[in-house]
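What follows is one structure encoded as structure tokens, with my remarks underneath.
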There are 2 protein chains.
Amino acid sequence: MEPLVDAGQDRPATLADVAAASGVAISTASRALSNPNRVRAATREKIEEAARELNYVVNSQARALTSGKTRTIAVMVSDVTNPFYFDIIRGTQQQLKAAGYTQLLVDTEESDELEDSMMHKLRRSFDGAILAASRLTDRNLAALASEMPLVAINRQTSGVPSVFIDTPSGIEQALGHLVSLGHRDIVYVSGPETSWPNEGRWRSLVRAAERHGVTARRVGPFSPKKVAGAAAADAVLNSGATACIAFNDLLAIGMLMRLRERGVNVPGDLSIVGCDDIFGADFCNPPLTTLTAPIEQAGRVAVSILLARLDDPTISGARQTATLPTHLTVRSSTGPAPIRK
Amino acid sequence: MEPLVDAGQDRPATLADVAAASGVAISTASRALSNPNRVRAATREKIEEAARELNYVVNSQARALTSGKTRTIAVMVSDVTNPFYFDIIRGTQQQLKAAGYTQLLVDTEESDELEDSMMHKLRRSFDGAILAASRLTDRNLAALASEMPLVAINRQTSGVPSVFIDTPSGIEQALGHLVSLGHRDIVYVSGPETSWPNEGRWRSLVRAAERHGVTARRVGPFSPKKVAGAAAADAVLNSGATACIAFNDLLAIGMLMRLRERGVNVPGDLSIVGCDDIFGADFCNPPLTTLTAPIEQAGRVAVSILLARLDDPTISGARQTATLPTHLTVRSSTGPAPIRK
DNA sequence: AATTTTTCTGCAACCGTTTGCCAAAAATTG
DNA sequence: CAATTTTTGGCAAACGGTTGCAGAAAAATT
């Protein structure tokens, strides 16, 4: 009975084995496989045949050594657990695979130090990196960007190419929506202070509130997790506001759960707007009104920018930045302001 | 003004640079950094100093070339989008980082061919792999396992070490729960036919149903996605059953959404049990009764088994398999069977 | 102080590819 | 058919580390 796979081979076949099997020099074998028309068709076929026979696969480490290219891209997220990143990862994964790259997923656990050290430890292992929600300081980020090709998502720092999801503009829409429902006192449920988008959202809210002549306050900061929603909900209730905009959906969903527990009616007593439209925002109870962000697209665009830069390093002069629009998706967590005395 | 980081270096420092800077031979530098007490303390410090100075980081490709070890583990999932895998990924990520390994995430898009070809293409790039929900045939899987260290999750194939989440046993509990609520006619909402756990769940349901003297039927197969829930819901409704157990929570949540749309009361008219207890199962509407699986733990255990095997290849004789128990988490999607004429 | 033992350090080969350079072979041309 | 151009294929040197071996230096022993 025949073995299923190249059994007998105790170790994987190398280029040398292929060359020997087809009676040519290693260099010829190398060219035949990677630079097909540098070699006569007959020879090439013979070599390809032998390679197939021996179940040969190039050793990418060895190739990386000479070429300096690993064809691997690191994707750094601050928390693999957060559904927001799922969509990013999906987007990058797709686009990277299409381009023949491999994705190295790294979780930085919301720590700037870990992020920095990981980038350094691994920098020889990838050709470029995508930083989704970097916790790095502007200074460090810029320094890093000057050392290696990278693209930041949701982070605008001079000198660093990025993909920006324009949630701040969306916030204005969200505020308009709330104001039109009669809300006059709106609270922003703040995310982590080290989060770059957090500030932008808050500032945008303040500006929009001024324009509409309503009050905007903030509570927090809260960790962007479902469990933090409980504290957030209590804080908002405490503030007496009739509506709130949460830093992200995860937090908003956590609030929803807590409010249900406390018997507070959403949106009857309190309206809630989330940000991002992550997995779950459509089926929570009540379904969440939120700023829909093209998250997956952001991942794809980030990859495109990065790969374009890798292919042609000269464009590094033109500081690439893409801005992706968001839009308000109205579901059932927002409604008319309650009548007060 | 001083540059922030090793500016001036156009290319990253190599071991040769470090050796030169500290006036020793390359080999000494190598030993000083990787095998500390093979070198006099004074020398070592001098070298470490130089390395720090030059911001030296070993090139892992080069190291991999001689050692044959990449210190990278591939984690293959059939769909990064599926929240079930999020938790797996979180578990593996954690455990791998703790052990100083890097995680290579690969999405096989539910395709056995892609899975197979990816494993082959990348096999020289990792030391081992974790296959979460492999779509491979037993034959292929076993062949692969004999070529390289790997651990399968939720897949029992002779010769392949694995971590098995014992959902089938849980199914019995779930059925008991439904029967005690008065249900006599139960439908299994089937997942993809190529999914290994799918069969086990169905078989377990059949057995349990026999024991309880109730009818078990099945509808499907359906894709394990939220969107497929609509068709699944309609099929179940059509069957006239009063309760169903869905292949997984994603499908169950999709059904919930569809049923709400159609004005069917859950659990009043139909009880639903999911499997896995993924992100979202607790906050959907109504919250889902489900078989809670220790998903993250499964990821961690898989890594432990894999690393143990890497450290000591001799244990490959003892075919390691871990079984993780599940338990029924009763929430609000199940209730008493409706009274029928 | 001479000798033995131990600890360091350097030389050089190797890991598996790629690639510049040159010679041999084939194809083209007059 | 000889001369010339174009292909093709081989040699050997990188790429950046690791490691067995052996000589040198330092420490310990006599």
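On a predicted model such as this, the values are computed, not experimentally measured, just so you know. Letters go in sequence order (proteins before strands), and every chain restarts at 1.
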Without hydrogens or angle criteria, can the side chains of B/Ser125 and A/Ser60 be said to hold a donor-acceptor pair below 3.5 Å? yes
Whether the B/Tyr85 and B/Ser78 side chains hold a donor-acceptor pair (N or O, under 3.5 Å, no angle test) is what I'd like checked. yes
CG-OG distance between B/Leu15 and B/Ser30, expressed to the nearest 0.5 angstrom: 5.5 Å
Which residue, A/Ala16 or A/Arg40, contacts DNA chain C at a nucleotide closer to its 5' end, judged by nearest heavy atom? A/Ala16
Under 4.0 Å, counting only non-hydrogen atoms across every strand here, what does B/Ser67 touch: a base, just sugar-phosphate, or nothing? nothing
Using whole Å, what does the distance between atom P of nucleotide D/dG16 and atom OH of B/Tyr56 come to? 10 Å
Distance, rounded to the nearest Å, where B/Ile26 contributes CD1 and D/dT19 contributes C1': 13 Å
According to the Watson-Crick and G-U wobble definitions, with both distances under 3.5 Å, which nucleotide is paired to C/dG16? D/dC15
Test side-chain hydrogen bond (donor to acceptor under 3.5 Å, both in side chains) applied to B/Ser134 and B/Glu115, step by step: CA-CA 8 Å; B/Ser134 175; B/Glu115 183 174 345; 2.6 Å; yes
Ignoring hydrogens and angles, are the base of D/dG20 and the side chain of B/Arg38 linked by a donor-acceptor pair under 3.5 Å? no
Looking at C/dT17, I'd like to know if its phosphate oxygens (OP1 or OP2) sit under 4.0 Å from a side-chain N or O belonging to B/Arg124. yes
Minimum-distance nucleotide (side-chain atoms of [X] versus [options]):
{"X": "B/Thr43", "options": "D/dG9, C/dC8, D/dC15", "result": "C/dC8"}
{"X": "A/Arg31", "options": "C/dG20, C/dG16, D/dT19", "result": "C/dG20"}
{"X": "B/Ala25", "options": "D/dG10, C/dG10, D/dT18", "result": "C/dG10"}
{"X": "A/Ser27", "options": "C/dT19, C/dG10, C/dT18", "result": "C/dT19"}

Could you check A/Val24 against B/Arg63 and say which one's nearest nucleotide on DNA chain D is further toward the 5' end? A/Val24
